[in-house]
Amino acid sequence: MPELPEVETVRQGLARWVTGRRIESVEVRHPRAVRRHVAGGAHFADVLADRTVLDVCRRGKYLWLPLDSGDAVIGHLGMSGQLLLQPAAAPDEPHLRVRFRFTDDGPELRFVDQRTFGGLSVSEGGATLPAEIAHIARDPLDPQFSDADFVTAMRRRRTEVKRALLDQTLISGVGNIYADEALWRAGLHGTRPTDALTGPAVRRLLGHVRDVLTEAITAGGTSFDALYVNVNGESGYFDRSLNVYGREGQPCRRCGAPIRREAFMNRSSYSCPRCQPRPRATLRG
DNA sequence: CATGACTCCTGGATGC
DNA sequence: TGCATCCAGGAGTCAT
């Protein structure tokens, strides 16, 4: 599922293949893919025709493409979204939602999304940072991310540590897979209360988040199947490096105990019962 | 304001 | 074999 490393991999591919090209026309093939564009699909296509893509930027799991008009195309892959560069002659994908044709007659940009949780929209005047995603925190690989502020904000929360890692307004780019991996590396169970963590413990956890994201980018992202691919349709191979996610019943790579799976926030959480003991019932005043 | 439950969606896997 | 059900989860919305 696309988290920061997967989205960053896509960003790099788009930056290489789309920057500097002028859009000729846009075809919206499914209204849900542009549901965040309130003015509708026809307007979406209208304002993009004849515009040149200046850059490809990312905040957390969001992408945006600044245009020569000062607007920007915002994109989110959701659960199953793909941004693919394809020759015009390539057959349409079964879940093709939006097609961008360029004036140079080079490869088309296609937004393909089976589950339609993702989507595209145009942000008016959003070239620098779209207002629609200004609430998303910086990610831990951003040079301007403040470790000290993160430690303070995390310890001020009254929630569980995994919920905090998944809160994109606190730290962005982390999803279910990398949250579990970072918590395993840190030896913390996801239900540990944030306000009981020490400053050094939060700093250690942040270091592990950073490490796992960096390693995954190097590997080209994680993929369990063909659902997530880069702009050339290729899968990353970080799934070979996962220590807990999807490994229920298999031995912990640190201590050998069988990895457990628990329901958490309406999804699965994987952890080592020995390295990541559940917190005792919290005693709060 | 902070927190957390609910909801959107499709198709592969699973169960009877 | 076929049909029904479950499951994956990012993030906006809404209730508390």
Side-chain angles (χ1 to χ4, degrees), chain A residues 1-11 29-38 58-64 74-83 92-98 111-121 123 130-139 150 152-183 190-196 209 213 216 221-229 235 239 242 244-249 261-270 282 284:
Chain A
M1 312 307 159
E3 301 180 31
L4 186 153
E6 293 75 33
V7 179
E8 174 60 19
T9 300
V10 171
R11 188 200 68 77
R29 300 172 50 95
H30 196 303
R32 193 173 148 76
V34 294
R35 66 193 180 284
R36 297 281 167 205
H37 190 83
V38 181
R58 180 183 59 75
R59 171 156 296 199
K61 303 167 196 170
Y62 278 94
L63 294 167
W64 80 95
I74 300 175
H76 197 290
L77 302 177
M79 289 293 303
S80 55
Q82 305 172 354
L83 284 164
D92 289 357
E93 292 76 4
H95 303 292
L96 174 63
R97 309 303 189 194
V98 181
F111 180 64
V112 177
D113 190 8
Q114 176 203 107
R115 293 178 211 170
T116 68
F117 277 27
L120 306 176
S121 62
S123 173
E132 293 88 338
I133 59 177
H135 64 289
I136 302 294
R138 292 185 185 276
D139 68 64
F150 173 75
T152 303
M154 173 76 101
R155 298 184 65 214
R156 197 173 281 153
R157 292 288 173 107
R158 296 185 66 83
T159 186
E160 297 165 343
V161 63
K162 183 169 177 181
R163 288 180 187 276
L165 285 181
L166 296 176
D167 183 345
Q168 305 297 301
T169 69
L170 179 64
I171 180 172
S172 71
V174 182
N176 200 43
I177 296 172
Y178 297 115
D180 277 4
E181 292 298 312
L183 288 165
T191 62
R192 289 278 290 268
T194 47
D195 56 355
V209 169
L213 293 177
T222 297
S223 182
F224 303 104
D225 50 39
L227 215 50
Y228 164 71
V229 291
S235 291
D239 55 311
L242 295 177
V244 279
Y245 190 87
R247 297 193 64 240
E248 182 180 17
R261 179 165 74 119
E262 299 168 290
F264 180 70
M265 287 177 75
N266 278 333
R267 58 204 63 181
S268 291
S269 283
Y270 298 86
T282 53
R284 282 203 187 114

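Each chain gets a letter, A, B and so on, in the order the sequences are listed, and its residues count up from 1.
Between the C1' atom of C/dG10 and the CD1 atom of A/I74 lies a distance of 16 Å, rounded to the nearest Å. Taking atom CD of A/Q82 as the reference point, atom P of C/dG10 lies 16 Å away to the nearest angstrom. In this structure, A/N176 atom CG and C/dG10 atom P are separated by 6 Å, rounded to whole Å. Taking atom CD on A/E248 and atom C1' on C/dA8, their separation rounds to 14 Å, with Å as the unit.
A/V174 and A/L165 make their closest contact through CB-O, 3.5 Å (heavy atoms, listed as atom of the first residue, atom of the second, distance). Minimum heavy-atom separation, A/R157 to A/T169: NH2-OG1, 4.1 Å. Of all the heavy atoms in A/G118 and A/D113, the pair that sits closest is N-OD2, 3.0 Å. Between A/N176 and A/L166 the shortest heavy-atom distance is N-CD2, 3.7 Å. Here the shortest heavy-atom pairing between A/K162 and A/D180 reads NZ-OD1, 2.6 Å.
Mapped onto DNA chain B by nearest heavy atom, A/H95 and A/M265 fall at different nucleotides, with A/M265 at the one closer to the 5' end.
The ring pair (Phe, Tyr, Trp, His ring centres under 6.0 Å) test applied to A/F117 returns no partner, not counting sequence neighbours.
Side-chain contact of A/S172 with A/D139: a donor-acceptor pair under 3.5 Å is absent, judged by distance alone.
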Checklist entry - Can you give one letter per nucleotide of nucleotides 11-16 of chain C, 5' to 3': B if a protein heavy atom sits under 4.0 Å from the base, S if only from the sugar-phosphate, - if neither? => result BSS---

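Bracketed by its first and final contacts, the part of DNA chain B lying under 4.0 Å from non-hydrogen atoms of chain A reaches from B/dT3 to B/dG11 in 5' to 3' order.
Checked against A/E8 for a salt bridge (charged side-chain N to carboxylate O under 4.0 Å, His left out), the options A/R59, A/R58, A/K61 give a single hit: A/R58.
Nucleic acid contact class of A/R97 (heavy atoms, under 4.0 Å, all strands): none.
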